[in-house]
> 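Here it is: the structure, laid out below.
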Amino acid sequence: MPDRGASPPSLPDDWPDHPDPILVLNRMGSFDWDLDAGVLQMDAQAHEIFDVRPDEYDDRPETLSTRMPPAEALRLDAAVSQAMKNGSENYGAYFRVRRRDGALRWTHTQGCIRRDATGRPRRIIGIVRDATQELSDSEARRAQAEQEDARRRQTNIVQLTTAALAHARTVREVIDALKDTHGLTHLGATSLVMGLVEAGRIRLIAEGPDGSFVEGTRITGMDEAYPMSEAVRTLSPCFIESPEEFAERYPTLWQGITGLDITSAAYLPLIVQARPIGAMGLLYSDRRGFSAEERNILVALGSSIAQSLQRAQFYEQEMDLAQKLQQAMLPRTIPSVPGADLAVRYRAATIGGSLGRDIGGDWYDLIPLPGGRVGAVIGDVQGHDTHAAAVMGQLRIVLRAYAAEGHPPATVMARASVFLNELDTDRSATCLYAEADLSTGVLQMVRAGHIDPLVRRTDGSCERLTVPGGLPLGLSAEFGGLDYPVGTMELDPGDTLLLCTDGLVEQPGADLDDGMKTLCALIAVGPDDVRDLADRLIDVAEERGGDDDVALLLLRRRALDSPRSGGRLKQYVPPGDPGALSETRRMIRTAVSAWGARERADDIELVADEMITNVLMHTEGTAVVTLRVLTGKDRRLRVEVEDSSSALPRRREPGESGVSGRGLLLVEMLTDVWGVEARGGGKCVWSEFVVSKGPDPS
């Protein structure tokens, strides 16, 4: 046994040595590759292995590819790319380097991949060494390594191409995936061409690189002497193994590509369900001939590409149909409305980032109504597909019809909800309907689960209008909640009303209220012109992106060019609904003030309230209240209350308690004139008030 008390053996003074001398002694060079900057720095030994002088090397990895045969460079690139993609920390590969004297020498490299906190590769540190002696010791070992590399390369080709094509939704994206460095170019192809069969001919849809297009080949016939035509016609791949064979079989095409230094080519038919949809050609400049295994790989990839192309064609056809459907469902034009500046915009949703646009159920509409009124609609049907667009179109039409029939806003919304429920669809819809009297500025709004509107005042401030709301369309009918309260406000000349869908407001991870505040701030500093403001808002939505479409309607009230007759408002008050009665009172007071009769607002409200209460107490139906301005010698404000009872009101003496019997006395005392008219099976009690003889409201 060794003596436990013995001193340890002495060590050399220069131990341990530094890493650089150790690498040199073992004939290894090192490199440091900054992936972000694209800079690959090497030491002197690495320069020696690649047989490049320091003054010849510019620290760019592309420069080293000149020292390797193209196939070797692509194989090495595939190995590194695969390691970075699958999360590996290390990789190793053998490849050949062509030295100055033309000799090929085997080289081996190992690299360590450094990643950031997100897993993204940022840096590779590694070594390279001359492996010629190692591999030349055994021909069998070299053959085995080459076979393994070939199998690995073929596996990488299939995996990379399949992965790239899986994300392609359009024909253009399929082409881009194939031309990308992670596509079929790993096969070492110099050029790629692709054509689709259309009307019995082949239309070229891709060629590369730039400058490789041959005149006269944009559209070719099936029976013409071109390899792509032959592949489609025979449903078999066409392999050309030498320049001599190419020139002999296809002289016309060969004359156009002689400058590309092509040595071989493979033209593959793209077949789906035994039917050719096109063909693809791969042209090579560094190889002659194709092994049986390479041919099988190319045929298999051709089948995969054909499936991707057909899927892309179906997708584009569906998108074209869907977009045309949505365009047909939205209004072709927005009518001009006296007294208002208008702007509407629509932006389709972006689904899957840059992969394409999808459609949705957002819509807008503007409905001119009698008496200087206009109805503005904004809505959003659940979903992003053709079904949503179809439901949207039907809803838009029925809403327009109900509004044009003269129904008040709450009734328009309730009937639209019943309609959607009876469609027997699984979709619901949010909606906001605003009816504006542009002569008075009175604005009545109902909301079905939609976001609130905004208004920008003449001083530039912007505020959110809190509108009482009901359930979304369809759901309110299903759950028996068809009561839609009406919100009333006044829109002054110069004020701008904004209706939009939630795609303009909602942002991932942000609260809706915060989104509304952000939108208010954006509108407040936006341009005054409604068209410019609409463009600005849509630009912001475009910049932000998102997976929801956006509909936008802007209405700015302005002074009318000429005097108009007074406005007209209509409201329904059902029995047993105190909220409707309170809302009607607010509507009357707002309208009377807007029409310049503020001094008589108390009298008019009191008389209207008495007339409405009389209907609710003594009949079993709904009171229909109409408020209008009459012009003539005097300017008068008329209040009409209709009901379905034919019994005429009669004067009664107040009872002992003095609680009832005073209604008609109040009407007589406060009105200038009143009366009763028969209306079908019911009647209308009306009262008129002479207001100031100022100009008509505008």
> Check whether any side-chain N or O of R233 sits under 3.5 Å from a backbone N or O of M222 as a donor-acceptor pair, and report yes or no.
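Checking the backbone N and O of M222 against the side chain of R233, a donor-acceptor pair under 3.5 Å is found.
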> Nearest 0.5 Å please: distance from the CD1 atom of I202 over to the OH atom of Y226.
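It comes to 11.0 Å.
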> For residues W363 and L399, determine if any side-chain heavy atom of one lies less than 4.5 Å from a side-chain heavy atom of the other.
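A side-chain contact exists here, since the closest heavy-atom pair is under 4.5 Å.
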> Evaluate the criterion salt bridge (charged side-chain N to carboxylate O under 4.0 Å, His left out) for residue pair R295 and E241; output intermediate values, then yes/no.
CA-CA 12 Å; R295 294 187 181 213; E241 301 195 342; 2.2 Å; yes
> Checking side-chain contact (heavy atoms from CB on, under 4.5 Å) against Y267, which of V193, L298, V232 comes through?
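Going through V193, L298, V232 one by one, the side-chain contact (heavy atoms from CB on, under 4.5 Å) with Y267 is satisfied by V193 alone.
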> Would a distance-only check, ignoring hydrogens and angles, find a side-chain to backbone donor-acceptor pair under 3.5 Å from R115 to S88?
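Yes; judged by distance alone, with no hydrogens or angles, the pair exists.
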> Test C500 against V550 for side-chain contact (heavy atoms from CB on, under 4.5 Å), laying out the working first.
CA-CA 7 Å; C500 67; V550 175; 5.7 Å; no
> May I ask you to test the R60-V39 pair for a side-chain heavy-atom distance under 4.5 Å?
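In short, these two side chains touch, coming nearer than 4.5 Å.
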> What's the shortest heavy-atom distance between I113 and P121, and which atoms?
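For I113 and P121, the tightest heavy-atom pair comes out as CG2-CB, 4.0 Å.
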> When you look at R288 and E245, which way does the salt bridge (charged side-chain N to carboxylate O under 4.0 Å, His left out) test go after all the steps?
CA-CA 11 Å; R288 289 180 177 234; E245 181 184 357; over 6 Å; no
> Between R427 and L420, is there a donor-acceptor pair closer than 3.5 Å when you use the side chain of the first and the backbone of the second?
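Such a contact is absent between R427 side chain and L420 backbone.
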> Ignoring hydrogens and angles, state whether a donor on the side chain of D380 or T501 is under 3.5 Å from an acceptor on the partner side chain.
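The criterion, which ignores hydrogens and geometry beyond distance, is not satisfied for T501 and D380.
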> State, to 0.1 Å, how close N90 and A83 come at their nearest heavy-atom pair, and which atoms those are.
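Taking every non-hydrogen atom into account, O-CB, 4.4 Å.
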> Please report the shortest heavy-atom distance between P335 and L366, naming the atom on each side.
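Closest heavy-atom pair between P335 and L366: O-CD2, 3.9 Å.
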> Got a second to check how far F246's CZ is from I257's CD1, nearest 0.5 Å?
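Interatomic distance, F246 CZ to I257 CD1, rounded to 0.5 Å: 3.5 Å.
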> Within this structure, what is the OG1-CE distance for the pair T217 and M228, rounded to the nearest 0.5 Å?
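With rounding to 0.5 Å, OG1 (T217) is 8.0 Å from CE (M228).
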> Determine whether the aromatic ring centres of residues Y284 and F290 are separated by less than 6.0 angstrom.
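Ring-ring flag for F290/Y284: true, centres closer than 6.0 Å.
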> Does the S308 side chain pair with the main chain of S304, one donor and one acceptor, at a distance under 3.5 Å?
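Yes; at least one donor-acceptor contact below 3.5 Å.
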> Flag the pair L35 / M84 as yes when at least one side-chain heavy-atom distance between them is below 4.5 Å, and no otherwise.
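Yes. Closest side-chain heavy atoms under 4.5 Å.
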> Any non-hydrogen side-chain atom of L537 less than 4.5 Å from a side-chain atom of L519?
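With C-beta onward as the side chain, the pair touches.
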> Is the shortest side-chain heavy-atom distance between S264 and S242 below 4.5 Å?
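A side-chain contact under 4.5 Å is absent here.
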> Indicate yes or no for a side-chain donor-acceptor contact from T107 to the backbone of R96 under 3.5 Å, with no hydrogens or angles considered.
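Such a contact is absent between T107 side chain and R96 backbone.
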> Quick check: are there more than 12 heavy atoms from other residues, nucleotides or ligands sitting under 6.0 Å from CD of E543?
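Yes, CD of E543 has more than 12 neighbouring heavy atoms, counting only those of other groups under 6.0 Å.
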> Can you confirm whether more than 12 heavy atoms, excluding those of R311, are under 6.0 Å from its CZ atom?
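Yes, CZ of R311 has more than 12 neighbouring heavy atoms, counting only those of other groups under 6.0 Å.
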> Please round to the nearest 0.5 Å and tell me the distance separating atom CG of N86 and atom OG of S81.
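These two atoms lie 10.5 Å from each other.
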> Can you check whether G474's main-chain N or O pairs, donor with acceptor, with S428's side chain at less than 3.5 Å?
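Side chain of S428 to backbone of G474, a donor-acceptor pair under 3.5 Å: no, none is there.
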> Output the distance between atom CG (D223) and atom OG (S229), rounded to the nearest 0.5 Å.
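Rounded to the nearest 0.5 Å, the CG-OG separation comes to 8.0 Å.
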> Checking T425 side chain against L423 main chain: does a donor-acceptor pair fall under 3.5 Å?
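Checked: no pair found.
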> Are the side chain of R122 and the backbone N or O of D36 linked by a donor-acceptor pair below 3.5 Å?
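Checked: no pair found.
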> For G29 and I49, work out which heavy atoms get closest and say how close.
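Nearest pair, atom of G29 first, then I49: N-CD1, 3.8 Å.
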> Judged by atom type as modelled, is there a donor-acceptor pair below 3.5 Å linking the side chain of T109 to the main-chain atoms of I127?
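Yes, because the side chain of T109 sits within donor-acceptor range (under 3.5 Å) of the backbone of I127.
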> May I ask you to decide if F95's main-chain N or O and E72's side chain share a donor-acceptor pair within less than 3.5 Å?
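Such a contact is absent between E72 side chain and F95 backbone.
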> Would you kindly say whether T63 and D58 are connected by a side-chain donor-acceptor distance under 3.5 Å?
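Note: T63 and D58 side chains meet the donor-acceptor criterion.
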> Is the closest side-chain heavy-atom distance between R98 and L104 below 4.5 Å?
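Yes, close enough: below the 4.5 Å cut-off.
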> Taking CG in D424 as the centre, count heavy atoms belonging to other residues, nucleotides or ligands within less than 6.0 Å. Is the count above 12?
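Incorrect, the count does not exceed 12.
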> Any non-hydrogen side-chain atom of V128 less than 4.5 Å from a side-chain atom of V97?
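No, side chains not in contact.
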> Dump the intermediate steps for salt bridge (charged side-chain N to carboxylate O under 4.0 Å, His left out) on D51 and R67, then the final yes or no.
CA-CA 8 Å; D51 199 10; R67 286 298 185 194; 5.0 Å; no
> Go through R345 and R531 one step at a time and tell me if the side-chain contact (heavy atoms from CB on, under 4.5 Å) criterion holds.
CA-CA 9 Å; R345 297 291 185 272; R531 289 166 292 276; 4.0 Å; yes
> To the nearest 0.5 Å, how far apart are CE in M194 and CG in L282?
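Between atom CE of M194 and atom CG of L282 there are 8.5 Å.
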> Evaluate the criterion side-chain contact (heavy atoms from CB on, under 4.5 Å) for residue pair Q307 and V272; output intermediate values, then yes/no.
CA-CA 6 Å; Q307 297 290 337; V272 178; 4.3 Å; yes
> Any idea which heavy atoms bring R100 and E56 closest together, and the distance?
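Closest heavy-atom pair between R100 and E56: NH2-OE1, 2.6 Å.
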> Can you tell me if CD on E248 sees more than 12 non-hydrogen neighbours from other groups inside 6.0 Å?
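No, CD of E248 has 12 or fewer neighbouring heavy atoms, counting only those of other groups under 6.0 Å.
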> Kindly determine whether L40 and Y57 satisfy side-chain contact (heavy atoms from CB on, under 4.5 Å), including the steps that lead there.
CA-CA 10 Å; L40 192 152; Y57 182 55; 3.5 Å; yes
> Surrounding CZ of R400 (heavy atoms of other residues, nucleotides or ligands, distance under 6.0 Å), is the total greater than 12?
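Yes, CZ of R400 has more than 12 neighbouring heavy atoms, counting only those of other groups under 6.0 Å.
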> Return the minimal non-hydrogen interatomic distance between Y346 and Y364, and the atom names on each side.
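So the two residues come closest at CB-CE2, 4.1 Å.
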> With the side chain counted from C-beta on, respond yes when Y91 and Q82 share a heavy-atom pair under 4.5 Å apart, and no when they do not.
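Result no, sub-4.5 Å side-chain heavy-atom pair not found.
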